[in-house]
Amino acid sequence: MPKVLRTRKVKIAKLRKRRKKNKSFLFLRVVIVLMFLGVGVFNLLQINYKLISAYEADDLKNRIEKLENEKEVMELKASKLQSLASIYERLDSAKMEAIEKIEYLKQKEEMAMAR
């Protein structure tokens with residue numbers, strides 16, 4: 001085999017090896033870029049979840065405060081309605097009369113209940 005053909009075959013073999021190395025480096029670069037993108041997206045999702053949780057917690061705290069205030073108002077209203085002055089006022093407006101003497105019904109005989 002002539003020397004020119006051998007050198008040409010060697011050169012072609014070297015070029016093929018370089019292409020394989022370049023392809024493997026290209027694949028490695030693509031994998032690394034995809035990993036960085038994946039980590040970035042994961043971090044964004046994690047930060048988003050934490051922010052949403054914080055807003056929900058603040059919303060729940062505000063609702064608790066509002067409900068506590070409503071509870072206090074209703075307790076005050078209930079105590080006002082249960083006061084004697086309020087009861088007498090409502091009795092007067094219902095036109096009920098005060099009881100002076102209570103008479104109970106008396107039984108003449110003892111009664112037994114039948115099953």
Side-chain angles (χ1 to χ4, degrees):
M1 208 184 310
K3 190 175 183 179
V4 175
L5 285 177
R6 258 191 278 152
T7 57
R8 189 166 200 169
K9 284 184 180 181
V10 171
K11 286 181 182 179
I12 291 173
K14 285 182 182 179
L15 284 174
R16 286 183 182 163
K17 283 183 182 180
R18 282 185 194 164
R19 286 182 185 164
K20 284 183 181 179
K21 284 182 182 179
N22 285 342
K23 286 182 181 178
S24 64
F25 283 126
L26 179 66
F27 177 74
L28 184 62
R29 288 177 188 164
V30 168
V31 168
I32 290 173
V33 168
L34 289 176
M35 284 177 48
F36 277 116
L37 287 174
V39 169
V41 168
F42 177 74
N43 283 336
L44 285 175
L45 291 174
Q46 193 174 22
I47 290 169
N48 188 29
Y49 176 74
K50 286 182 180 181
L51 287 174
I52 289 172
S53 298
Y55 283 123
E56 287 176 351
D58 288 341
D59 185 41
L60 290 175
K61 284 179 186 177
N62 291 337
R63 285 184 62 197
I64 288 172
E65 289 176 8
K66 183 179 176 183
L67 290 174
E68 285 176 350
N69 290 338
E70 286 180 18
K71 178 185 169 191
E72 288 177 11
V73 168
M74 290 198 174
E75 284 177 349
L76 288 173
K77 191 175 182 180
S79 64
K80 181 181 175 184
L81 290 173
Q82 290 174 352
S83 70
L84 285 175
S86 174
I87 292 172
Y88 286 134
E89 211 174 275
R90 285 182 280 152
L91 285 175
D92 289 339
S93 66
K95 297 181 182 176
M96 292 187 177
E97 296 181 16
I99 299 174
E100 295 175 10
K101 184 177 177 184
I102 299 174
E103 292 182 21
Y104 294 100
L105 297 175
K106 294 183 182 177
Q107 292 181 352
K108 293 182 181 179
E109 304 173 4
E110 288 186 21
M111 294 179 61
M113 299 292 288
R115 287 188 179 191

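Atom CZ of Phe27 and atom CD1 of Ile32 lie 10.5 Å apart (nearest 0.5 Å).
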Name each donor-acceptor pair under 3.5 Å that joins a side chain in residues 41-54 to protein atoms two or more places apart or in another chain, with its distance.
residue	atom	partner	partner atom	Å
Asn43	ND2	Val39	O	3.4
Ser53	OG	Tyr49	O	3.0

List the atom pairs, donor and acceptor, that lie under 3.5 Å between side-chain atoms in residues 62-86 and the rest of the protein, sequence neighbours left out.
residue	atom	partner	partner atom	Å
Asn62	ND2	Asp58	O	3.4
Asn69	ND2	Glu65	O	3.4
Ser79	OG	Glu75	O	3.3
Ser79	OG	Leu76	O	2.8
Ser83	OG	Lys80	O	2.8
Ser83	OG	Ser86	N	3.4
Ser86	OG	Arg90	NE	3.4

